[in-house]
A.B. asks: 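Questions regarding the structure given below will be posed in turn.
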Number of protein chains: 2
Amino acid sequence: MVDAIIWKGSHLELLDQRVLPFEESYVRCHTAQETAHAIRDMVVRGAPAIGVTAAYGIVLALKNDSSESSFLEACEVLGASRPTAVNLFDAIALMRTLLSPFDSGQAAATAEQVAIKYHRDDQNKNREIGRHGAGFLTGQRRVLTHCNTGSLATAGWGTALGIVRQLHAEGRLVEVVADETRPYLQGARLTVWECEKDQIPVKLVTDGMGGYLMTHKMVDCVIVGADRIAANGDAANKIGTFMLALAAKHHGLPFIVAAPTTTIDLNTPDGSKIPIEQRPSSEVTHVRGQTITGKTTEVYNPAFDVTPAALISAIVTENGVHTFPYHFGE
Amino acid sequence: MVDAIIWKGSHLELLDQRVLPFEESYVRCHTAQETAHAIRDMVVRGAPAIGVTAAYGIVLALKNDSSESSFLEACEVLGASRPTAVNLFDAIALMRTLLSPFDSGQAAATAEQVAIKYHRDDQNKNREIGRHGAGFLTGQRRVLTHCNTGSLATAGWGTALGIVRQLHAEGRLVEVVADETRPYLQGARLTVWECEKDQIPVKLVTDGMGGYLMTHKMVDCVIVGADRIAANGDAANKIGTFMLALAAKHHGLPFIVAAPTTTIDLNTPDGSKIPIEQRPSSEVTHVRGQTITGKTTEVYNPAFDVTPAALISAIVTENGVHTFPYHFGE
């Protein structure tokens, strides 16, 4: 299992996910600004990984300047890096709580302890998610997954991919099929790479193939992560997830969302209130720097869609398996 | 409107759709073998266009050698080029009928007349499909389409894109949104190019965005072509179509399949009997010659999926608008 987020005490090292699997190199962050930049630029992505990274970003700010204004500026800069993943705001809120009342002499040391514990907690949660999720699924399984939810998207085993790893560890995984996940190709570049590294049997498909795979019994369940889950169970995840949920429903197959409880946002009553990030056109018009369309082509590029709770068979967190109807706010 | 199939009397010129929109060049075919090769290699694609091309391929065979064995060999070679599009077999069957009993002295001239008429008929059918389809849709429209069904996929205005052109001509098209259509990018490369050439307002999206666009009312109907329609209305079309149909159903939006009657295969009772072509892995692992994944990645690459008839609001042919339930065989 790869370490994508490495805390070095004086700086943070992030495995550069933009260039995987073609290069394995790390980006160093010495400031909150550099950390926010790395998040926005998708050096690191995946909701839980973004949360852990942001926590270290605050530590870096305080190591450079332990004043309260430095702390507040770091919270602001990191909070503005990406809008959809709630774990980012969760990590910042946790820091705000645990560093209050603000003590300039202690802030850096306290923040570092908080970040390291937050990081370790995410790893432990992944294991629990894996166990709970695998327990929900009986027998041998062919899993379809979307985007990347593994060691690159979290600090540990992964969320959806944590369940896949657990199934594999139990000898119950026939195969995982990874959607390539356009436009950013997290499936083709990251999930396939992670699975091959850990000798998990994996096949790659394009994002439009899910329905075909289900009709032909080439997959028998769908497991995905989430970037934000509303109080009613509506789940925002990588664009394309929603149509997989519709296809799973049509075929009567389990559709499972795996995420730590930090991804559940009780302040968001339902999915319509989740802000959806719009990403640059060039992600759609170019693949690995090369254009795939005309020079003047206009695009839409929403990064996430919302799967209605009624299409989700189970939401698996570190605390267990929740099934529809969901009442996280109660 | 572009001419993608040009009959020159002594040879056939095909606009090379593999390199559009980056290059506009033509491939010349002088024999049935070259023509079959061009179909298999996707120099030309799109069910109706393949039918017209195959008809000319037979003419080329007879111009080179007017014997019956030359004719039969051409039928065989062309018939083996691609398995899903029924128009290919329709064109060959038409030639077999109209050249029977076989007269070596007349065969080449007769075949040429048949091919030219078949070509012209396709153009006229496109216009009728456009008129019928646009008539089925009231008011201003935002259309989502998949793959390429325009002048490049047919001999004329196109099928699904023929309806889009008719809506545009009537001033009722707000915008057409084109799925990029991985793995072969017919949407990103061909549909966008065709629309821009004819000043039809078009946006490009990735294949996973359809559900989001519907939820956010950025599209209000889906219009696609078909490669083969079974007697019960089940329709094989480019991979990814099925999930768009599920999403349209979920949102209560019209899902329209546009195709000439030659695409309806009365010998195929339902969609489960339609052979689905499996294409090479490299189409998934590479984009424009560049890899997007690891060197050892394994893939599935079915080229088509089948949309069940119950998800199709209307099947539009040159004869009019059919609605569910479909009984083409009766």
Side-chain angles (χ1 to χ4, degrees), chain A residues 21-22 146 177 179-183 185 187-189 192-193 196 201-213 215-216 218 238-247 249-250 272 276 281 284-285 287-302 304-307 311, chain B residues 21-22 146 177 179-183 185 187-189 192-193 196 201-213 215-216 218 238-247 249-250 272 276 281 284-285 287-294 296-302 304-308 311:
Chain A
F22 317 106
H146 191 64
V177 179
D179 274 343
E180 63 177 355
T181 317
R182 278 282 289 150
L185 297 168
R189 297 192 299 108
V192 168
W193 181 78
E196 288 185 350
V202 61
K203 291 273 196 334
L204 175 66
V205 296
T206 64
D207 299 333
M209 292 180 186
Y212 176 95
L213 297 173
T215 301
H216 290 84
M218 295 160 78
K238 182 54 53 193
I239 192 82
T241 302
F242 176 24
M243 292 204 292
L244 294 179
L246 288 167
K249 189 79 164 186
H250 179 83
S272 71
I276 301 296
S281 296
V284 174
T285 57
V287 176
R288 297 198 63 203
Q290 207 171 23
T291 184
I292 59 160
T293 188
K295 286 198 181 76
T296 56
T297 305
E298 292 178 43
V299 314
Y300 294 120
N301 188 14
F304 306 94
D305 57 25
V306 173
T307 299
L311 298 175
Chain B
F22 317 106
H146 191 65
V177 179
D179 274 345
E180 64 177 354
T181 317
R182 279 280 290 151
L185 296 170
R189 297 191 299 106
V192 168
W193 180 78
E196 289 186 349
V202 62
K203 291 274 196 332
L204 175 66
V205 296
T206 65
D207 299 333
M209 293 180 186
Y212 176 96
L213 297 174
T215 301
H216 293 267
M218 295 160 76
K238 182 55 51 193
I239 193 81
T241 302
F242 176 24
M243 291 204 293
L244 294 179
L246 287 166
K249 189 79 164 185
H250 179 82
S272 70
I276 301 295
S281 296
V284 174
T285 57
V287 176
R288 297 198 62 203
Q290 207 171 22
T291 184
I292 60 160
T293 188
T296 56
T297 306
E298 293 179 42
V299 314
Y300 295 119
N301 187 13
F304 306 94
D305 58 24
V306 173
T307 299
L311 298 176

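Only this structure's heavy atoms are used, side chains among them; waters, hydrogens and symmetry mates stay out. In what follows, chains carry the letters A, B, and so on, assigned in the order in which the sequence lines appear, proteins first and then strands, with residues in each chain numbered from 1. Here the structure is a predicted model, which means the values were calculated and not measured.
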A.B. asks: Please determine, among B/Asp179, B/Thr241, B/Ile276, the option with the most heavy-atom pairs under 4.5 Å with chain A.
C.D. replies: B/Ile276

A.B. asks: Which atoms of A/Glu298 come close to chain B, meaning under 4.5 Å heavy atom to heavy atom: side chain ones, backbone ones, both, or neither?
C.D. replies: both

A.B. asks: To the nearest 0.5 angstrom, please state how far the CZ atom of A/Arg189 sits from the OG1 atom of B/Thr291.
C.D. replies: 11.5 Å

A.B. asks: Side chain, backbone, both or neither: which part of B/Phe242 has a heavy atom under 4.5 Å from chain A?
C.D. replies: side chain

A.B. asks: Indicate the atoms forming the closest heavy-atom contact of B/Leu311 with A/His250, along with that distance.
C.D. replies: CD1-CE1, 4.5 Å

A.B. asks: Quick one: which of A/Leu244, A/Leu246, A/Asp207 gives a side chain to side chain contact (heavy atoms under 4.5 Å, CB included) with B/Met243?
C.D. replies: A/Leu244

A.B. asks: Mind listing the closest non-hydrogen atom pair of A/Pro21 and B/Gly294 along with its distance?
C.D. replies: CG-N, 3.9 Å

A.B. asks: Contact between B/Val287 and A/Gln290 at the side-chain level, heavy atoms closer than 4.5 Å - yes or no?
C.D. replies: no

A.B. asks: Could you tell me which portion of A/Pro183 (side chain, backbone, both or neither) has an atom closer than 4.5 angstrom to a non-hydrogen atom of chain B?
C.D. replies: both

A.B. asks: Quick check: closest heavy atoms across A/Phe304 and B/Tyr212, and the distance to 0.1 Å?
C.D. replies: O-CD1, 3.4 Å

A.B. asks: Name the region of B/Val306, side chain, backbone, both or neither, that has any atom closer than 4.5 Å to a heavy atom of chain A.
C.D. replies: neither

A.B. asks: Non-hydrogen atoms of chain A under 4.5 Å away: do they reach the side chain of B/Val192, the backbone, both or neither?
C.D. replies: side chain

A.B. asks: Atom CG in B/Asn301, atom OG1 in A/Thr206: separation rounded to 0.5 Å?
C.D. replies: 7.0 Å

A.B. asks: Please state whether the side chain, the backbone, both or neither of B/Thr296 comes within less than 4.5 Å of a heavy atom of chain A.
C.D. replies: both

A.B. asks: Kindly say whether A/Ile292 contributes a backbone atom to a donor-acceptor pair with the side chain of B/Arg288 at under 3.5 angstrom?
C.D. replies: no

A.B. asks: Can you tell me which portion of B/Ile239 sits under 4.5 Å from chain A's heavy atoms? Options are side chain, backbone, both or neither.
C.D. replies: both

A.B. asks: Which distance, rounded to the nearest 0.5 Å, do you find between the CZ of A/Arg182 and the CZ of B/Arg182?
C.D. replies: 7.5 Å

A.B. asks: Under 4.5 Å heavy-atom distance to chain A, tell me which part of B/Thr215 shows up: side chain, backbone, both or neither.
C.D. replies: side chain

A.B. asks: State the CE-CG distance between B/Met209 and A/Asp305, to the nearest 0.5 angstrom.
C.D. replies: 9.5 Å

A.B. asks: Would you name the heavy atoms of B/Leu213 and A/Tyr300 that are closest together and state the gap between them?
C.D. replies: CD2-CD1, 4.2 Å

A.B. asks: Please report the interatomic distance CD(B/Glu180) to OG1(A/Thr297), rounded to the nearest 0.5 Å.
C.D. replies: 11.5 Å

